[in-house]
Amino acid sequence: MKRKITIMMLAAAMLCLLPYSQLEVHAEDFAGNESYYDSICRQSNKDAKTSAMCDRYQVYLSKKKEALRGQVAGIRSSVAQLQGNIDALQTEINKNQNLIDQLEAQIAENEAAILQIQGVIEQLQIDIKQTEADIELRDRQIKDRMVSEQASIGTNAYVEFVMGAKDLIDMVRIVDGISRITENDQDEIEALEADKAKLDQQKKEQERLKSDQEKAKKDNEESKAVAEQAKASQEELKNEYLRQEADLIQQMRSAQSAQQAVQSQIASIQNADLNFTASNGFIVPVQSGYRSAGTWAYPGGGFHAGRDFAASIGTPIYAPIGGVIVYANNPVPTTNGFLGNWVGYPAGGGNTVHMIGTVNGTTYAISFFHMAQESFLVSPGMAVSQGQQIGAVGHTGNSTGPHCHVEVFNLGNMSVQTAVAQFSASGADFAWGCGWNTSSTSCASRGAPCRERPENFFG
Ligand SMILES: [Zn+2]
């Protein structure tokens with residue numbers, strides 16, 4: 001393997017020394033030598049053989065582009081599958097949340113019932129105490145009366161007999177035969193005892209109801225704990241899927257970036273028009289509607305790399321500065337946007353434009369995402385002046401509603417010509433090496449190239 005590589009390297013070295021006319025022999029060496037072939041094919045005065053070779057080079061580039069497109073489509077379908085899993089999990093999570101809500105309502109009902117029953121029991125206890133006091137009172141009254149009656153009869157043995165009874169019932173039983181207690185006394189005492197027994201029975205029943213409610217509450221609390229546990233593991237799995245999805249999207253971005261590298265190699269054969277008027281400041285690119293999200297975070301959380309201008313579809317988008325368009329592609333229908341729709345370049349951008357220009361000697365690159373397919377007024381390589389309409393607001397790619405997402409990059413004192421060349425060489429890296437997931441590359445944190453807050457330039 002190593003030997004083969006050495007031979008290939010030698011062949012490549014020799015290739016550089018050969019005149020163009022010999023190149024067709026090595027036409028299969030395009031891979032890995034693109035910049036070399038680009039430089040040859042970019043020249044305007046080519047002989048017939050070189051032209052034929054450049055035609056084959058174009059075919060090679062197209063095939064490479066197709067392969068990358070396939071790769072991107074593959075990743076896209078994996079992402080769609082993951083999103084299906086995430087949606088299914090979300091449904092389960094919602095179900096569990098509903099169950100938890102229901103159980104919480106039931107627990108609250110149990111608690112209210114327990115409280116209410118407790119009140120009834122307390123009232124019953126008061127009634128029982130009152131009845132006991134009534135019984136005691138009657139007991140004493142009857143005893144006293146009997147004692148005083150006995151005093152008039154004058155038999156001490158009977159007094160001891162009555163006073164020795166352990167309670168009123170006992171006494172009633174003992175004195176019954178002696179007929180010293182009236183029918184009325186007996187009825188009254190029996191009625192009081194019956195009242196007390198009834199109250200005791202009611203209290204027992206209420207205590208049973210209370211214990212039933214307490215058991216139901218405990219069961220509901222256990223079910224709730226189970227549902228919460230299930231929901232927590234589903235959330236965990238969902239987060240894992242979201243991480244996988246983020247990884248795949250990252251992969252897709254690089255694949256698309258590679259795909260775009262090929263397109264830009266083709267585009268870079270054209271010479272960009274750098275005859276634009278430099279600007280003294282920025283103007284607002286979308287002049288109606290409202291700002292729906294700012295950098296670096298969405299209102300609901302999550303990293304947000306730019307400024308969102310929410311406006312109705314078709315609202316004009318103007319070049320905020322004079323400059324040159326380095327990317328302009330509108331493959332997507334105007335209203336195809338939805339959350340997680342990764343069409344367009346960069347992934348999810350839908351219809352996009354990227355431009356480079358200067359303001360007071362500093363070079364800036366500016367991105368416009370989610371644009372309409374119609375009124376798409378620019379093409380790669382075209383010079384634009386400040387305030388010139390470049391396109392219109394759409395709802396394309398990873399978008400929840402009509403808006404234009406704008407990002408601004410500070411490229412420092414890099415010349416526009418160098419910036420255009422670097423954009424092309426990077427394979428159209430819209431992020432200028434600043435990445436997509438962090439504010440650590442903001443101009444507040446580091447020097448150019450860095451991400452600017454568009455708010456600082458156009459509110
Ligand atoms: Zn945005």
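Note that the numbering runs from 1 along the sequence shown for the chain. Start at 1 and go down the list; that is how both ligands and their atoms are numbered.
- For residues 89-100, the side chain to side chain donor-acceptor pair (under 3.5 Å) pairs, not counting sequence neighbours, are Q90-N94, Q90-K238, E92-K95, N96-Q234, Q97-D101, Q97-K231.
- Checked against the Zn ion (ligand 1), the N, O or S atom of H304 at the shortest distance is NE2.
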Could you check C443 against C450 for disulfide (SG to SG under 2.5 Å), going step by step and ending with a plain yes or no? CA-CA 5 Å; C443 297; C450 53; 2.0 Å; yes
Quick one, R243 with D247, criterion salt bridge (Lys or Arg N to Asp or Glu O under 4.0 Å). Give me CA distance, side-chain angles, the key distance, then yes/no. CA-CA 6 Å; R243 276 193 289 277; D247 286 351; over 6 Å; no
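- Judged by the 6.0 Å distance and 45° axis criteria, R451 is positioned over the aromatic ring of W436.
- Closest N/O/S atom of D308 to the Zn ion (ligand 1): OD1.
- The Zn ion (ligand 1) has an N, O or S atom of H405 inside 2.8 Å of it.
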